[in-house]
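Worksheet: one structure, shown below.
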Amino acid sequence: LRKTGIPARKIHEILNPISPKILEGVALKEKEALPATSPFFPGTPTGIRVAYFGRLSPEKGPDRLIQWWKDLKAHLPTGSELLVAGHGSIEPELRALARSLSLETSVRFVGYVAHPETFLPYVHAVISPRRYEGLPIALIEAAALGCAVAATATDGARAMQTLAKEFFLLPNTDSLDRSEIVALAA
């Protein structure tokens, strides 16, 4: 840019939003050198691990996913679980919602995940139920670490469809119909 005549004081470097640790995790996964277990998953999974990964706030829609889970888990192998990773203002309401839907044995709140590379490579899919979203960093990290990604049709999710090996776009609505649940489970 300086060669084109733009003064140095007007040039600013904007770093990539993906942590170098994520890139290290990608390299380990590609080399199949990841540890056999994660601190979040000490044993061998008996079903499918689906994750919500992000802040627990209304616009992020984790309440939607817990409601969808009631129908979705019926189409998944026994032992499948929804892992809710994050902290936020609506966590007590989300826990109450899971209890009210009798999902306390299949919805696990794992708290804030400081190092996504110790969590994401061990889940099968990440679902983003956001009501609106700009640049979905959590989905970019999940896609980079090889997770299948399903996301509601926000501008940010549409823009990143080509980043994930497996990407499923969901309608941006509070309820999914049976065919969408079955397609998501597949």
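- Atoms CZ and OG, on Arg95 and Ser100 in that order, are 14.0 Å from each other to the nearest 0.5 Å.
- With Leu72 as reference, Ile127 is the one residue of Leu176, Ile48, Val182, Ile127 to meet the side-chain contact (heavy atoms from CB on, under 4.5 Å) rule.
- For Glu166, the CD atom counts as loosely surrounded, since its 6.0 Å shell holds 12 or fewer non-hydrogen atoms of other residues, nucleotides or ligands.
- Classification of the Phe40-Phe119 ring pair by plane angle, with boundaries at 30° and 60°, yields perpendicular.
- Hydrophobic clustering (ILVMFWY, side-chain heavy atoms < 4.5 Å, transitive): Val107 and Leu76 are in one cluster.
- Both Phe168 and Trp69 are assigned to one and the same hydrophobic cluster, defined by single-linkage of ILVMFWY side chains at heavy-atom distances under 4.5 Å.
- In this structure, Thr152 OG1 and Leu65 CG are separated by 10.5 Å, a value rounded to the nearest 0.5 Å.
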- Give the C-alpha distance, both sets of side-chain angles, the deciding distance and a yes or no for salt bridge (Lys or Arg N to Asp or Glu O under 4.0 Å) between Asp63 and Arg131. CA-CA 11 Å; Asp63 57 309; Arg131 290 178 169 88; 2.9 Å; yes
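- For the atom pair CG of Leu184 and CG of Asp71, the computed distance is 11.0 Å after rounding to the nearest 0.5 Å.
- Leu101 and Ile90 end up in the same hydrophobic cluster when Ile, Leu, Val, Met, Phe, Trp and Tyr side chains are linked at under 4.5 Å.
- We find the CG-CZ distance between Leu94 and Arg99 to be 10.5 Å, quoted to the nearest 0.5 Å.
- Taken from OG in Ser128 to OH in Tyr52, the straight-line distance is 7.0 Å, to the nearest 0.5 Å.
- The heavy-atom pair separating Met160 from Pro136 by the smallest distance is SD-CG, 3.6 Å.
- A 4.5 Å side-chain heavy-atom check between Lys70 and Leu103 finds at least one atom pair inside the cut-off.
- In this structure, NZ in Lys73 is found 9.5 Å from OG in Ser80, a value given to the nearest 0.5 Å.
- For Lys60 (side chain) and Gly54 (main-chain N/O), no donor-acceptor pair under 3.5 Å exists by modelled atom type.
- The backbone N or O of Pro129 lies less than 3.5 Å from a partner atom in the side chain of Arg64, making a donor-acceptor pair.
- When atom types are taken as modelled, the side chain of Trp68 and the backbone of Asp174 share a donor-acceptor pair closer than 3.5 angstrom.
- Judged by distance alone, the side chain of Glu180 and the main-chain N or O of Asp177 form a donor-acceptor pair under 3.5 Å.
- By the 6.0 Å and 45° rule, Arg49 does not stack over the aromatic ring of Tyr122.
- A continuous path of ILVMFWY side-chain contacts below 4.5 Å connects Ile66 to Val50, so both sit in one hydrophobic cluster.
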- Please test Glu81 against Arg108 for salt bridge (Lys or Arg N to Asp or Glu O under 4.0 Å), starting from the C-alpha separation and ending with a verdict. CA-CA 7 Å; Glu81 60 182 343; Arg108 184 159 51 107; 3.2 Å; yes
